[in-house]
Each structure stands twice: as structure tokens, then as C-alpha cells.
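Every chain is numbered from 1 and lettered A, B, ... according to where its sequence line falls, protein lines coming before strand lines.
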Amino acid sequence: MVTATDAGLLAIARRTLRAPISHELRGDLGMAVLLVALFLLQAFTGILLSLYYQPAPEAVAESMQFIMRDVSWGWLMRGLHHWVSTALIVVACVHLARALFGARYRGREWFWYLGALVLPLVVALAFTGELLAWDNQAYWTVREFLSDIETIPLIGPELADIVRGGSDVNASTLSRTWTAHALFAPWLVWMLLAANLALIVRDVRRAWGGGA
Amino acid sequence: MILVLDPQAPQELIDTLQRTVEPMGWRCEVSRGEDQTVIGLSGDGDPAELEAALARHEDVDVIPIVSRQDYQRLRVRRRMMTGLAAGLGLLVAMGGAVPVAGFLMPPKGMLGEGNLVKVATASEMQRRASKPLLLFGRSMLLLRDERGRFYATSAICTHMNVCHLEWNEQRSLLECPCHGGAFDVHGNVVRGPASIPLPTYPVERLGEELFLRRES
């Protein structure tokens with residue numbers, strides 16, 4: 001079925017895509033593909049929104065109004081980005097819970113561990129995304145959040161300073177929130193998803209008797 | 001039926017399998033390949049009996065052979081599904097391209113060659129008419145008074161800098177629906193609570209066409 005010329009990444013990709021899926025895993029695979037698709041959509045709309053969004057306190061409100069009112073389809077992009085972030089959390093929770101209660105993580109523990117690491121990142125992305133509006137609600141949420149962080153023993157105050165980027169909530173807090181939301185967290189999620197894919201490839205190769 | 005084994009499957013395993021299935025009425029045809037070892041079974045044994053007998057061999061996959069007709073049907077179905085998925089994907093991509101292209105295009109007013117931006121023609125503006133404009137990132141109103149002169153003002157009330165003004169044709173005033181403030185076409189405050197005059201912009205007329213000048 002596989003010839004000697006079939007080597008390298010292409011062959012691995014082809015084998016993985018054509019690998020038979022056991023019946024009990026079909027639902028899980030479907031949910032996983034849905035999650036990746038939603039995450040891709042978030043990356044796409046997020047990149048588009050970043051063309052107009054300005055993460056500076058005096059410019060935030062105007063740039064967001066500009067997106068919603070002046071840019072064609074801006075309402076659609078922001079709406080999609082907003083609602084898909086919620087959908088991502090829901091789908092991720094359902095996906096993890098199904099695997100847990102169906103006990104399908106057995107023998108595939110690392111899939112579950114990686115997924116369990118993705119979930120808090122997705123929640124963090126939604127949280128920082130809400131803050132990027134930098135309105136009154138976001139400001140007070142940040143203050144609440146920081147005073148919670150400060151109560152962590154030993155490292156609390158220092159950690160709060162790192163998140164805040166200063167002694168009080170200011171422009172650099174917004175800029176740090178922006179970096180966490182747009183650069184830091186998404187890359188972590190991509191890396192975890194890549195690790196998950198590597199696990200799938202490993203399992204496929206094992207099922208084929210270690211060939212390729 | 002076909003039995004699929006590891007390519008390095010030991011000969012003893014194959015012999016064991018042969019001894020197991022031959023009494024059930026199957027004839028074995030062993031073929032060792034690079035990726036898998038395949039044992040073709042022909043004969044008219046009972047498939048259920050076979051599966052039960054081989055259930056304890058976890059390293060042996062039992063695969064039923066489909067008939068030529070079934071195989072054709074499966075192929076056609078798979079091709080149809082592939083085509084359907086590709087077609088739907090293409091449709092979605094095309095539908096998605098429109099909003100994305102629109103989003104990437106900077107809004108009108110951000111564009112415009114030179115410093116003059118055409119906003120209307122003189123004939124489309126009746127006397128006492130108004131036209132909302134979105135220019136240079138601002139909401140504006142283009143107005144024409146009862147004597148036929150053109151004015152352009154900001155459309156945002158200076159009281160809270162939030163509410164959009166409405167043009168009252170009868171009284172030739174810009175009225176704020178939020179707190180009742182009013183301005184005339186020159187931007188002067190006619191009625192409070194606003195105290196700051198409305199920003200105005202000179203309208204330039206070249207023949208039939210009306211232009212606003214981009215501020216430097």
C-alpha cells in the first residue's frame with residue numbers, strides 16, 4: 001500500500017489523514033476538529049481586528065467605535081471574535097468532560113493533559129480580550145483581579161506588579177494585556193495543539209507497526 | 001475475508017492461524033509485504049465464527065471483503081462526499097471573502113486623491129436638505145439652507161460629545177435628541193445645555209460638485 005518513495009512529512013500527513021478511526025473516538029475527533037476550526041477563526045478575525053485596534057488608553061474607545069461604525073463588516077468581525085471566544089470555552093469544556101466521563105483518556109492520558117492545559121489558556125484569552133475594550137468595566141475588573149493576585153502568599157505583590165507593569169493600573173497594563181492576548185497566549189495554544197497533533201501521528205505510526 | 005498482520009509477524013503465529021481457520025472451511029493464501037502481512041481467506045466458512053475464534057489475537061485485524069458492486073457504490077459515495085465538501089468549502093470561502101475584502105479596505109474618507117474629497121453634487125441636495133457624511137474619521141452633516149448655500153458641520157453634539165444631532169428642516173436647526181441642545185448652520189449654540197460651538201468645515205463648490213478639504 002505504501003511504497004518506498006513514500007517518505008517524509010508528506011507520507012506521514014497522508015497516512016494520518018487516511019488512518020482508520022475507531023468508532024469510540026469518532027465523536028472526540030469531531031469535537032477536536034471543531035475546536036481547531038474555531039481557534040483558526042479566532043486567529044483570523046483577531047488578526048483582522050488588530051489592523052484597526054489601537055492598544056493605547058486614549059485611542060482604544062475611538063478605534064473600537066471606528067471598527068464598529070466606519071469599517072465595512074467591522075461589526076461582523078468583532079461580533080464573530082466575541083461570540084466564538086465564548087463558543088471555544090463551551091466546546092473545550094464539553095470535549096474534556098466527554099473524554100473524562102467516557103474514560104476514553106485511558107491509554108491516551110497525554111491527550112487529556114494537553115487539553116486540560118489548553119482550557120485555562122482559552123479562558124485567559126477570553127478574559128484578556130474583554131479587558132481590551134478598556135472601558136470602565138474593564139478597568140475595575142483589572143483592579144479586582146490585581147487585588148486578588150496580591151493576596152497570593154510570597155510572590156503575590158511582585159506578580160501583581162508584573163501584570164500591572166507599574167505601581168498603578170495605567171497604559172502599560174493595557175499594553176501588557178494586549179501582548180498577552182495577541183502574542184503570548186495564542187502561541188502557547190498553538191504549541192499545545194501541535195503537541196497534540198504529534199501524539200496523533202505517533203499513535204497512527206504505532207498502529208501501522210512503526211513503519212515510515 | 002482478509003487477516004492483516006504486522007510485517008514482521010512470526011511464522012509460528014501464521015501457522016497457528018492456519019491451523020485455527022482451516023478446519024472452519026477457509027483456505028489460506030499468505031502474502032508478506034513491506035507494510036503488512038496479509039492472509040487472504042477464501043471458502044465459505046462462517047464469518048461470525050471466524051471473528052469469535054480470532055478475538056483473542058489482538059494483533060490480527062479481520063477485514064471482510066466487500067463485493068465488487070459494494071466497492072463501486074462505496075467509491076461513488078466517497079467521491080460524491082468529497083465533491084460536496086469541496087463545493088461547500090468553496091462557497092463558504094467565497095462568501096467569507098466579501099466581508100474580509102470589505103474589512104481590509106480602509107473606510108471612505110480615509111481614501112481620496114489630493115486634499116479635496118467629493119461629498120455630493122449640488123443638484124442632489126434640495127434646499128433645506130441634509131446629508132450625513134463620514135469623512136476623515138468624523139461624523140458630519142452636509143446642509144443646504146433655504147437660500148441655497150451649503151454648510152458642513154460636525155454631527156456630534158458638543159455637550160457630551162456622544163449624541164448625533166438631527167437636522168430640523170422647518171427651523172433650520174441642528175437639534176440634539178439627548179438633552180435638547182440646538183445649533184445653527186454656522187455651528188453657533190442656539191440653545192443649551194451645550195456651550196461650545198459646533199466645529200464647521202468649509203464646503204467648496206466646483207461647478208456641480210461639492211468638496212470638503214482634508215485638514216493637514
Take the angle between the ring planes of A/Tyr53 and A/Trp178 and call it parallel below 30°, perpendicular above 60°, tilted in between. tilted

Considering heavy atoms only, which positions within residues 76-86 of chain A lie below 4.5 Å of chain B? A/Leu76, A/Met77

Looking only at heavy atoms, which two atoms of A/Phe39 and A/Leu88 are closest? And how far apart?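 It is CD1-CD1, 3.7 Å.
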
Nearest atoms (heavy-atom pairs only) where A/Ala133 meets A/Val60: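 For A/Ala133 versus A/Val60, the nearest heavy atoms are O-CG1, 3.1 Å.
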
Enumerate, atom names and distances included, each donor-acceptor pair closer than 3.5 Å involving a side-chain atom of residues 179-189 of chain A, sequence neighbours excluded.
residue: A/Thr179; atom: OG1; partner: A/Ser175; partner atom: O; Å: 2.9
residue: A/His181; atom: ND1; partner: A/Leu125; partner atom: O; Å: 3.0
residue: A/His181; atom: ND1; partner: A/Thr128; partner atom: OG1; Å: 3.0
residue: A/His181; atom: ND1; partner: A/Gly129; partner atom: N; Å: 3.3

In A/Trp75, A/Tyr52, A/Phe44, the residue satisfying ring-ring contact (aromatic ring centres under 6.0 Å, His included) with B/Phe103 is A/Tyr52

Please classify the contact between B/Val4 and chain A as side chain, backbone, both or neither, with a heavy-atom cut-off of under 4.5 Å.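 Neither the backbone nor the side chain of B/Val4 comes within 4.5 Å of chain A.
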
Expected output: side-chain A/Thr173 to main-chain A/Arg164 donor-acceptor under 3.5 Å: yes

